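Have a look at the structure below before the remarks.
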Amino acid sequence: FLDVYFSAESHALPRSTEFLQKIHRGMDRLQKRQWRSRTKRCLKNSTEFLIEKEGDLTVFHRKDFLLEGAKNVVESHRSLVQERPEGLTKHSPKVIVSVTQMGDRKFAVKHFRYPYFWDRLKDLLRRSKGRKAWIGGNGLKARGICSVQPLALVETNHWLGPKESFFLMETPEGSEELDRYVLHSFGDFRKKRAFIRAFAGWLAGLYNKKTYHKDMKTCNFLVVEKEGSWKFHLLDLEDVRFGQRVTERKLCKNFFQLNTSTPRIISHSDRLRF
């Protein structure tokens, strides 16, 4: 747009720095407005999303992922919790994570629970973690940032507030957690340097879109390697925040989280280069 606007045929137009800054600010505001609008679509019936209710069950889901499919994935997760808890990816009083293969698709379920009354009371006054994850995943997609594909949010409620929620995602084929990936993937130092450059560039792009992750440990990324290039996908989507300027303090916090969670195969020189 600016290249056309300030072409050789446009000598009469003002070219001051102030004028350019006004145009950039205007374009930035329009972009932010579009991102906010597209992010909020996941909370209402729209061309892409549906909200359906059955008894105490509320399901937010994509139109290309049917209600019955969401219920089947949740049922498979419940069976795994009851019958084979050793097969779970994470099992704690507040959060359970499972990965289920159904046909040729792999689904991850993040199950948020409320074992304590205080937790339910707090989520009466704010968005639940399940809704934060649902908004986070769709907000990343609206901004063109790689993440796991959010498919549905299944919530059960009673008069005291949320009872439990299930955030359903489709994980990319061949993906691996970043901390595990780096342990076995660098036989060649040139490949390691290319990987570090790719990850640093991706993270810079994340910050440039005013997107911040509160818990940026290496286990909260999935990485997919394909034909000498890499794609990075954020996890723990309830910790994603949009529209926030990434201050030096926040940047240092993220770097500290990455530094302390990165395996030692990544040397001090590699870390400084990153």
Side-chain angles (χ1 to χ4, degrees), residues 42-43 48-116 119-120 123 127-141 146-158 161-180 213-215 217 219-224 233-240:
C42 67
L43 295 175
E48 195 174 356
F49 300 97
L50 279 176
I51 303 173
E52 300 189 64
K53 295 187 178 183
E54 287 187 1
D56 64 347
L57 204 69
T58 303
V59 182
F60 303 79
H61 66 96
R62 296 180 55 84
K63 283 188 173 180
D64 56 5
F65 185 66
L66 300 179
L67 175 63
E68 284 305 314
K71 290 165 66 176
N72 289 339
V73 172
V74 170
E75 188 59 38
S76 176
H77 168 82
R78 288 188 185 278
S79 298
L80 192 62
V81 172
Q82 294 175 0
E83 299 169 10
R84 290 195 303 111
E86 69 279 0
L88 297 169
T89 303
K90 180 177 181 179
H91 193 180
S92 70
K94 293 185 178 182
V95 178
I96 301 175
V97 180
S98 71
V99 178
T100 305
Q101 187 82 32
M102 298 183 70
D104 59 348
R105 303 178 73 179
K106 184 185 290 187
F107 300 99
V109 178
K110 191 160 190 179
H111 179 185
F112 298 96
R113 304 194 296 177
Y114 298 87
Y116 311 113
D119 293 323
R120 293 183 185 177
D123 275 4
R127 282 197 177 116
S128 67
K129 286 190 175 182
R131 290 206 186 190
K132 286 179 181 178
W134 177 240
I135 293 169
N138 286 293
L140 290 173
K141 187 177 180 184
C146 280
S147 74
V148 290
Q149 169 76 316
L151 298 173
L153 173 67
V154 180
E155 294 183 328
T156 58
N157 300 281
H158 51 47
K163 187 176 180 182
E164 57 184 351
S165 57
F166 305 84
F167 177 46
L168 279 56
M169 306 158 274
E170 185 172 15
T171 58
E173 189 66 32
S175 60
E176 192 173 5
E177 290 179 357
L178 182 57
D179 54 344
R180 297 182 181 181
H213 196 287
K214 293 171 59 180
D215 191 17
K217 297 193 287 283
C219 61
N220 283 335
F221 291 89
L222 290 179
V223 57
V224 179
H233 304 261
L234 278 171
L235 299 175
D236 275 16
L237 301 181
E238 67 275 12
D239 289 326
V240 174

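Quick caveat, the model's predicted, so the values are computed rather than measured.
- Taking Glu177 as the reference, nothing meets the side chain to side chain donor-acceptor pair (under 3.5 Å) condition, with sequence neighbours excluded.
- In terms of modelled atom types and a separation under 3.5 Å, the side chain of Arg180 and the main chain of Cys219 share no donor-acceptor contact.
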Q. Do Leu140 and Leu234 pass the side-chain contact (heavy atoms from CB on, under 4.5 Å) test, and can you show the C-alpha distance, the side-chain angles, and the key distance before you say yes or no?
A. CA-CA 9 Å; Leu140 290 173; Leu234 278 171; 4.1 Å; yes
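- For Phe107, the ring-ring contact (aromatic ring centres under 6.0 Å, His included) partners two or more places apart in sequence, or in a different chain, are Phe65.
- Of all the heavy atoms in Glu238 and Lys129, the pair that sits closest is CB-O, 3.5 Å.
- Note on Glu155 versus Lys163: no salt bridge recorded, every NZ/NE/NH1/NH2 to OD/OE distance being 4.0 Å or above.
- Atom-to-atom distance recorded for Lys94:NZ and Tyr114:OH is 10.0 Å, nearest 0.5 angstrom.
- Applying the side chain to side chain donor-acceptor pair (under 3.5 Å) criterion to Asp64, with sequence neighbours excluded, gives Arg62.
- With sequence neighbours left out, the side-chain contact (heavy atoms from CB on, under 4.5 Å) criterion links Ser76 to Thr100.
- Note that the SG atom of Cys146 and the NE2 atom of His233 stand 5.0 Å from one another [nearest 0.5 Å].
- By the ring-ring contact (aromatic ring centres under 6.0 Å, His included) test, Phe112 pairs with no residue at all, sequence neighbours left out.
- Under the ring-ring contact (aromatic ring centres under 6.0 Å, His included) criterion, His77 pairs with His111, Phe166, sequence neighbours left out.
- Within the structure, salt bridge (Lys or Arg N to Asp or Glu O under 4.0 Å) pairs that include any residue of residues 95-106 comprise Arg105-Glu170 (at least two apart or interchain).
- For Lys214, the NZ atom is loosely surrounded, since the number of other residues' heavy atoms within 6.0 Å does not exceed 12.
- In this structure, NZ on Lys71 lies 9.0 Å from CD on Glu52, to the nearest 0.5 angstrom.
- If you take CD1 on Ile51 and CG on Leu67, they are separated by 12.5 Å, rounding to the nearest 0.5 Å.
- Qualifying side-chain contact (heavy atoms from CB on, under 4.5 Å) partners for Leu80, counting only residues two or more places apart in sequence or in other chains: Arg84, Leu88, Ser98.
- In this structure, the side chain to side chain donor-acceptor pair (under 3.5 Å) partners of Arg78, at least two apart in sequence or on a different chain, are Glu164.
- Between Ile96 and Lys90, the closest side-chain pair of non-hydrogen atoms is not below 4.5 Å.
- When all heavy atoms are compared, the tightest approach of Ser165 to Gly130 is OG-CA, 3.7 Å.
- Listed for the Trp134 side chain is no donor-acceptor partner under 3.5 Å among the backbone atoms of Pro150.
- By the side-chain contact (heavy atoms from CB on, under 4.5 Å) test, Asp215 is found to be paired with His213, Lys217, Asn220, Asp236, Asp239, Gln257, residues two or more places apart in sequence or in another chain being considered.
- Closest non-hydrogen pair, His61 versus Ala152, comes out as CB-CB, 3.7 Å.
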Q) Can you list the steps and then say if Glu176 with Leu222 is a side-chain contact (heavy atoms from CB on, under 4.5 Å)? A) CA-CA 5 Å; Glu176 192 173 5; Leu222 290 179; 5.9 Å; no
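- The NZ atom of Lys53 sits 7.5 Å away from the CZ atom of Phe60 when rounded to the nearest 0.5 Å.
- Remark: Glu173 engages no residue in a side chain to side chain donor-acceptor pair (under 3.5 Å) (not counting sequence neighbours).
- Remark: of the listed residues Leu168, Val95, Leu237, Leu153, Val95 is the sole one forming a side-chain contact (heavy atoms from CB on, under 4.5 Å) with Lys110.
- Here the side chains of Phe49 and Asn138 are in contact, with some heavy-atom distance below 4.5 Å.
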Q: Carefully, step by step, assess Leu151 and Phe167 under the rule side-chain contact (heavy atoms from CB on, under 4.5 Å).
A: CA-CA 8 Å; Leu151 298 173; Phe167 177 46; over 6 Å; no
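- To the nearest 0.5 Å, the span separating CG on Leu235 from OG on Ser175 amounts to 8.5 Å.
- The side-chain contact (heavy atoms from CB on, under 4.5 Å) test applied to Leu66 returns no partner, not counting sequence neighbours.
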